[in-house]
Protein chains: 2
Amino acid sequence: MGCNLNRPTLERLMQYYHYITEHLHPHPPDSANVSSVQIAELLGIDPAQVRKDLAAINVKGQPNVGYKISTVVESIRQCLGFDKNYNAVLIGAGRLGGAIACYDEFRFYGLKIAALLDNALQKIGTMIDGHKVQSVEMLEDIVQQQNIKLAILTVPAEAAQKLAERVTAAGIETIWNFSPTSLVMPDNVIVRNEHLSVGLAQLFYHLARRT
Amino acid sequence: MGCNLNRPTLERLMQYYHYITEHLHPHPPDSANVSSVQIAELLGIDPAQVRKDLAAINVKGQPNVGYKISTVVESIRQCLGFDKNYNAVLIGAGRLGGAIACYDEFRFYGLKIAALLDNALQKIGTMIDGHKVQSVEMLEDIVQQQNIKLAILTVPAEAAQKLAERVTAAGIETIWNFSPTSLVMPDNVIVRNEHLSVGLAQLFYHLARRT
DNA sequence: TAGATTGTTAATCGATTAACAATC
DNA sequence: TAGATTGTTAATCGATTAACAATC
């Protein structure tokens, strides 16, 4: 809501969320608390940073007690929009597209894969884990009828840019791109390129410095 | 080699690399150049930033001309370690594991999936796009025999932490984790959690601020 | 009360941007 | 030569860390 977050803060909040929901949440009773020092130590950061981040999403703690876990979790969910529901269209029913279509966790974040599209005739009409593969020709209709706000691309590099332009022409302004190419889009379109090689580069950089 | 890069610089270098190899590289003759302004405009950043980044990896430009494209590409590859060859073991032969095993681009970055492991009996012995699925029992032997430096995890959340510990016990100090859970590892282990929800959080945050 | 923890201001640190002389 | 672009120093900006009074 009234929270205005920068990128590092956003990333850290996601880490807190994972740490708390995976390691703390169900265990203690509903009223259980967590301190900034606990979180900070696990993540290897400064406790003041944690307090600043939580203050940024209007979470209030109690001196000598800490923060109420359920409040922290709910506030993060709300501020990051996980309590809303978004429909996405997934284009590209290859291996990666199939993996994402089946990714069960998305429902915890309010994301629903409303349609799975491909242009290969032999795939159209088949089922992938409950999702019927439809023709890419249906794109514009589906976007309009199902109030789609997000397009997820898992197509070959050659097809990605053209498809991204078609998707935005159809009215979608947010693209999550898993195709192995960097999309070049006007500023009004939100693009997140999830190119595997970026992660690889970081790992290699540290690997090389070690051996 | 003598390059010491921070995280933002590393990420930007990867962007330059993609932009140049995808949009510029093969087109002009080998001697063709690119200027910091060209790169900066496309990526929406400051030209001085580009010059700083290239200086950080010891790339020299020519006043009034720019930077030689082939030099830029080669220097990035060398500094990020793409000119070396690394063997990885991929654990988890599900949909996502299959997608990664088949990911052809890895060879441009010097990464080879040397082994694909799973613990499901019905998968062991089957072929996935040229990779024979082997039992997880083979992990320690394979790591030793094939000089494996990197483990890629695409397993269910419940299995990830235990497996990560087993992998490090076997001598691997770098983990690329695609399992939907955050690994908690000692500082000497390099972990990159590629949790999809982090990307999703950023997209949602911007989406919510728009509508 | 004593001890622990928050909330926040001030100090530090580091990264980005501006500016411009040097150079082709 | 004039114009464009690099390389780098200085100025700015923003994020992180230190410190500590307020509070339970």
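- At least one test fails for B:R107 against the ring of B:Y109: distance under 6.0 Å to the centre or angle within 45° of the axis.
- Within 4.0 Å of A:T9, counting heavy atoms only, lies no atom of the nucleic acid at all.
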B:E11 and B:Q15: CA distance, side-chain angles, deciding distance, side chain to side chain contact (heavy atoms under 4.5 Å, CB included) verdict: CA-CA 6 Å; B:E11 278 181 23; B:Q15 291 190 282; 5.6 Å; no
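- A:P47 comes within contact range of no nucleotide atom at all, as no heavy-atom separation falls under 4.0 Å.
- Listed by first residue number, the stems of DNA chain C with at least three Watson-Crick or G-U pairs below 3.5 Å are C:3-24 with D:3-24.
- If you take CD on B:Q78 and CD1 on B:I57, they are separated by 9.5 Å, rounding to the nearest 0.5 Å.
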Check: protein-nucleotides 8-12 of chain D nitrogen or oxygen pairs below 3.5 Å:
| unit_1 | atom_1 | unit_2 | atom_2 | d |
| --- | --- | --- | --- | --- |
| D:dT9 | O4 | B:K52 | NZ | 3.4 |

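- Under 4.0 Å is where a charged nitrogen must lie from a carboxylate oxygen, and between A:E173 and A:K149 no such pair does.
- Taking atom CZ of residue A:R12 and atom C1' of nucleotide D:dT16, one finds them 8 Å apart after rounding to whole Å.
- At whole-Å resolution of the value, CD in B:Q62 and P in C:dT23 are 13 Å apart.
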Step-by-step side chain to side chain contact (heavy atoms under 4.5 Å, CB included) determination, A:L116 to A:I128: CA-CA 9 Å; A:L116 173 56; A:I128 296 185; 4.1 Å; yes
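- Nucleotide D:dG7 holds its P atom 13 Å from the CG atom of B:N64, rounded to whole Å.
- The side-chain heavy atoms of A:V167 and A:V143, taken from C-beta on, include no pair separated by under 4.5 Å.
- Taking 4.5 Å as the limit, every side-chain heavy atom of A:L117 sits out of range of all side-chain heavy atoms of A:L90.
- Place B:V65 and A:D53 on DNA chain D by their nearest nucleotides, and B:V65 ends up nearer the 5' end.
- You'll find the side chain of A:L96 stays beyond 4.5 Å of the side chain of B:Y103, heavy atoms only.
- Taking the ring centroids of B:F82 and B:F108, they lie at or beyond the 6.0 Å cut-off.
- Between the C1' atom of C:dT6 and the CD atom of A:Q38 lies a distance of 14 Å, rounded to the nearest Å.
- For the pair B:E41 CD and D:dT5 C1', the computed distance is 13 Å after rounding to whole Å.
- Whole-Å rounding puts the B:R7 CZ to C:dA15 P distance at 12 Å.
- Atom CG of B:L5 and atom P of C:dA15 are 11 Å apart (whole Å).
- Distance CG (B:L43) to C1' (C:dT16): 15 Å, rounded to an integer number of Å.
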